[in-house]
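To start, the structure itself, in structure tokens.
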Number of protein chains: 2
Amino acid sequence: MSRPGGRTARVRAAVLAAAGDALIELGLPGLDLAGLARRAGVGKTTVYRRWGTVAAVLEDLVSDMVETSAPRADTGDLDDDLLANAGLVRSTLTDPRQGRLLTALICAAVDDAGTARALRRFYDARTAVWEPCVTDAVARGDLPADTDAAAVVRAVSAPLYHQLLTRGEQPGVADARRAALVAAAAARAGAFAAPVSAGARRTS
Amino acid sequence: MSRPGGRTARVRAAVLAAAGDALIELGLPGLDLAGLARRAGVGKTTVYRRWGTVAAVLEDLVSDMVETSAPRADTGDLDDDLLANAGLVRSTLTDPRQGRLLTALICAAVDDAGTARALRRFYDARTAVWEPCVTDAVARGDLPADTDAAAVVRAVSAPLYHQLLTRGEQPGVADARRAALVAAAAARAGAFAAPVSAGARRTS
DNA sequence: AGCCAAACGGAACCCCGGTCCCGTCACGGG
DNA sequence: CCCGTGACGGGACCGGGGTTCCGTTTGGCT
């Protein structure tokens with residue numbers, strides 16, 4: 001970081017852009033540092049020195065995403081807020097660039113601890129942004145006081161990711177709608193009571 | 001398939017076993033046909049001729065899993081049935097061999113249409129086995145008549161997969177319990193009304 | 001028991017991603 | 001405006017995965 005401006009920054013941008021393009025064209029298995037260097041018009045040695053592994057490049061990509069977080073909805077109604085969230089998640093997963101990047105990151109995170117941490121930070125940030133939708137609903141008296149806000153937010157995303165990853169189907173607007181309303185209904189029924197603290201371990 | 005017994009079968013078993021072992025040791029990125037041949041004590045040429053790609057080997061692995069499907073629960077109570085299902089899903093994902101295999105398959109399916117089809121068949125079969133838990137509840141009058149049974153079953157799995165894949169956390173028993181009760185509560189509230197038929201497209 | 005098609009296995013070959021070495025270039029301070 | 005440090009880039013080398021060819025083995029079938 002001693003020379004953040006100028007050529008170094010250009011190289012970084014070129015490589016990250018090339019990585020995004022290659023991800024769409026070839027998918028994660030087609031990514032290799034030599035190919036990235038070619039695409040980026042950059043010396044092969046440079047890529048190996050600065051990143052060293054494909055996972056590190058992806059980790060760098062997701063770092064950028066953490067900083068650009070869209071604002072949450074604030075409609076004053078839980079259903080509408082969660083519908084907005086579900087719509088955002090659906091748009092992200094459906095978008096060719098963002099969707100491919102996220103699925104690639106999920107796959108990479110399975111085998112690389114660094115990527116897993118970066119991805120987790122990203123999702124934690126995203127979740128934190130939307131949590132107020134739930135805590136506001138609690139404050140309004142629409143939900144039980146001991147509702148686990150983060151869990152509700154994650155419950156909106158889960159079915160959409162599940163559909164994409166296990167069924168190979170792009171989630172549609174109807175799917176997003178159902179995901180939001182299911183989470184809201186369960187929350188009102190008190191099914192998200194109390195945070196879970198025991199019984200979870202991090203993956204090897 | 002003209003010679004299903006004898007040497008051919010032994011080779012197939014050896015390679016599939018080697019693939020399972022390698023998946024645990026090295027993860028999906030570490031799999032390559034040459035390495036599988038070495039591990040299996042089999043000619044490299046044979047592996048390339050019979051399968052040709054890593055994805056094809058995984059597809060073959062999942063085909064075996066489709067046939068061995070555990071029986072569904074039938075307790076006469078929706079909550080208990082879904083709790084049993086959630087427990088099964090949790091056990092599967094937590095089990096080193098099964099869990100790694102499933103995550104690897106999901107990753108492979110992202111970039112390979114054949115693997116995606118095989119994986120989809122697997123999940124469709126699993127879902128079909130557990131659907132009666134929901135339809136029985138409908139028949140008992142515990143759920144609305146237009147409840148989408150398959151969606152409810154999938155809703156139980158979704159949060160557990162989501163937690164494993166996006167947060168790198170093994171789902172615990174408390175997570176499984178919550179997943180089941182959330183799905184049940186939402187179903188009772190009528191949030192799973194009517195099958196979704198529009199707005200979904202298969203991935204490229 | 002013997003035949004033959006089909007599958008297996010060894011070995012050489014090619015290709016290319018990963019590594020190393022060293023010369024060159026540009027940013028930023030003095 | 002110049003100088004030094006640190007990053008970039010080219011090129012050669014190495015290892016191993018993927019492909020091909022051909023000889024060998026096997027197991028079903030008559």
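Protein chains get the first letters and strands the later ones, always in sequence-line order, with residue 1 at the start of each. Only this structure's heavy atoms are used, side chains among them; waters, hydrogens and symmetry mates stay out.
Taking atom CH2 of Trp51(A) as the reference point, atom P of dA7(D) lies 13 Å away to the nearest angstrom. Between the CG atom of Asp32(B) and the P atom of dC16(C) there is a distance of 17 Å, rounded to whole Å. Atom CG of Leu31(B) is separated from atom C1' of dG17(D) by 13 Å (rounded to the nearest Å). For the pair Leu33(B) CG and dG9(C) C1', the interatomic distance rounds to 16 Å; values are reported in whole Å. Distance CZ (Arg50(A)) to P (dG6(D)): 15 Å, rounded to an integer number of Å.
Each of Val54(B) and Arg10(B) was matched to the nucleotide of DNA chain D holding its nearest heavy atom; the match closer to the 5' end belongs to Val54(B). Nearest-nucleotide positions on DNA chain C place Arg38(A) closer to the 5' end than the other of Arg49(A) and Arg38(A).
Proximity of a side-chain donor or acceptor of Arg178(A) to a complementary backbone N or O of Ala193(B) within less than 3.5 Å is detected. Distance alone, capped at 3.5 Å, is enough to place a donor-acceptor pair between the Thr103(B) side chain and the Arg100(B) backbone. Using modelled atom types, one side-chain atom of Asp175(B) and one backbone atom of Gly172(B) make a donor-acceptor pair closer than 3.5 Å.
Here Tyr48(A) reaches the OP1 or OP2 of dG18(C): one of its side-chain N or O atoms lies under 4.0 Å away. Between Thr46(A) and dG9(D) there is a side-chain polar atom (N or O) within less than 4.0 angstrom of OP1 or OP2.
Distances from the side chain of Arg7(A) to the nucleotides dG18(C), dA7(D), dC8(C) place dA7(D) closest. The side chain of Val42(B) approaches dG9(C) more closely than any other nucleotide in the set dG9(C), dC8(C), dG18(C).
Heavy atoms only, all atoms of each residue included: Thr8(B) and Arg50(B) are closest at CG2-NH1, 2.9 Å.
Taking 3.5 Å as the limit, the base of dG10(C) and the side chain of Thr45(B) contain a donor-acceptor pair of atoms between them. For Lys44(B) against dG18(D), a side-chain N or O and a base N or O form a donor-acceptor pair under 3.5 Å.
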